[in-house]
Amino acid sequence: MSRMGDVLAGFHAAWEFESDSVLIRYERGIRAPKLFQALGERRVPLDAIAGVTLTRGKRGTVVLRVEPRPGADPLMEAAAGQLKESGDPYRLVLPAEREVLAEYYADELKSLLTESGPAERFLVEPPKGPLSFKAYDGKATFDGRTVNFRWFWTGASSAKWKAGDQTFPVGELSGVEWRSPEVLEGHLRLVRREAGVSAAQADQDPAAVVFGLGYGPVHESLPFAAAVLAAVRTSSPVAAVSAAAPRRDPADIAERIRHLGELHQAGLVTDEEFSVKKAELLAEL
């Protein structure tokens, strides 16, 4: 930019223009979209931007937007076009009286753009970990190397209880499927390199957690999905490594055996499945 360090402040965000990037700082106020609050700030390199637009907005506003290149931002790749307009982190909404100033910055940005088309790698940093969120049927955690699903006995299906809690090293994954919690059948599903995308419903798939009212909100589950996707893209396939599982809380094991017994009594688990799973749980003590 001609004046490095210039700041253009709008509703819920301020953009700082640097010679090689745009630093977006999101407002943390109560009226700001929760996704913006969760992101905090993001630096977008100029080579991650495909274009710039300035349009009229609603109720006396103008909207300055940068268009990220396909494949440049793990957050937008994970979102796959499902974000609502109000939650688009690349939109800066300004009062209409600042249109001339916004137009100046739009023209300045356009003059500096040299890249177009899909990016070969992620150019925008993913959300920082460790990350976690509560889905309807379990808790998902990610430490940068491994994704863990721990099932809730109040929400998980019998299929997931039979499979047990799940651990997925990112090297064994090939992608992430995020379905917004703001639509029906919202979920986060991990795609395994060997198995591919499961045809099972998300509530029956041990590689997926299901969203619901108040569970897996966008501002928690989408940054999680983006962080996992970025880790997957930068990892290399690895063979599954046999390792001793960490010892679990005996009270937790007892609760799981109790719930397994309830499934058995209800006829949802066969005698053989009950015996095998109970033995597996006892072996973790």
Side-chain angles (χ1 to χ4, degrees), residues 1-26 33 35-36 38-58 61-94 98-128 170 173-180 191 218 222-223 225-236:
M1 304 295 292
S2 59
R3 294 181 294 174
M4 189 170 66
D6 281 5
V7 176
L8 184 61
F11 299 111
H12 309 317
W15 290 9
E16 182 173 342
F17 300 93
E18 301 290 351
S19 59
D20 61 352
S21 63
V22 178
L23 177 62
I24 304 177
R25 292 191 174 94
Y26 300 101
L35 177 60
F36 291 6
L39 293 175
E41 68 176 43
R42 312 189 80 211
R43 184 175 295 279
V44 183
L46 296 184
D47 59 0
I49 301 174
V52 185
T53 60
L54 180 65
T55 59
R56 294 292 178 91
K58 300 176 181 178
T61 62
V62 293
V63 179
L64 178 64
R65 187 181 190 275
V66 295
E67 177 69 32
R69 294 170 60 197
D73 182 358
L75 189 81
M76 302 305 284
E77 290 298 299
Q82 298 175 76
L83 285 177
K84 292 182 178 179
E85 188 177 76
S86 60
D88 183 350
Y90 285 97
R91 295 173 78 247
L92 182 66
V93 183
L94 304 126
R98 308 196 73 186
E99 181 175 3
V100 173
L101 185 60
E103 187 174 11
Y104 163 76
Y105 284 110
D107 291 340
E108 286 284 292
L109 269 177
K110 289 177 183 177
S111 70
L112 296 175
L113 300 183
T114 59
E115 303 293 337
S116 62
E120 295 182 356
R121 61 183 177 85
F122 289 138
L123 301 171
V124 182
E125 288 292 320
K128 302 296 184 183
V170 295
L173 303 176
S174 62
V176 178
E177 177 186 88
W178 181 79
R179 177 70 64 84
S180 174
V191 183
V218 171
L222 179 57
V228 174
L229 181 59
V232 168
R233 293 281 180 86
T234 56
S235 70
S236 58

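Small disclaimer: the values here were computed from a predicted structure and weren't measured.
Under the side chain to side chain contact (heavy atoms under 4.5 Å, CB included) criterion, Val63 pairs with Thr55, Arg91, Val93, sequence neighbours left out. Under the side chain to side chain contact (heavy atoms under 4.5 Å, CB included) criterion, Ala72 pairs with Ala48, Arg69, Ala119, Leu123, not counting sequence neighbours. Every residue meeting the side-chain hydrogen bond (donor to acceptor under 3.5 Å, both in side chains) condition with Arg43, not counting sequence neighbours, appears here in chain and number order: Ser21. Residues satisfying the salt bridge (Lys or Arg N to Asp or Glu O under 4.0 Å) test with Glu67, not counting sequence neighbours, are Arg65. Residues satisfying the side-chain hydrogen bond (donor to acceptor under 3.5 Å, both in side chains) test with Arg42, not counting sequence neighbours, are Asp73. With sequence neighbours left out, the side-chain hydrogen bond (donor to acceptor under 3.5 Å, both in side chains) criterion links Glu115 to no other residue. Qualifying side chain to side chain contact (heavy atoms under 4.5 Å, CB included) partners for Pro89, counting only residues two or more places apart in sequence or in other chains: Tyr26, Phe36, Leu39, Leu75, Met76, Leu83. Listed by chain and residue number, Glu125 satisfy the salt bridge (Lys or Arg N to Asp or Glu O under 4.0 Å) test with Lys128 (two or more places apart in sequence, or in another chain). With sequence neighbours left out, Arg56 forms a side chain to side chain contact (heavy atoms under 4.5 Å, CB included) with Val62, Glu99.
Nearest heavy atom pair, residue Pro74 against residue Ala230, reads CB-CB, 4.1 Å.
Considering CG of Leu46 and OG of Ser19, their distance stands at 8.0 Å, rounded to 0.5 Å. Asp20 CG to Leu112 CG: the interatomic distance, rounded to the nearest 0.5 Å, is 10.0 Å.
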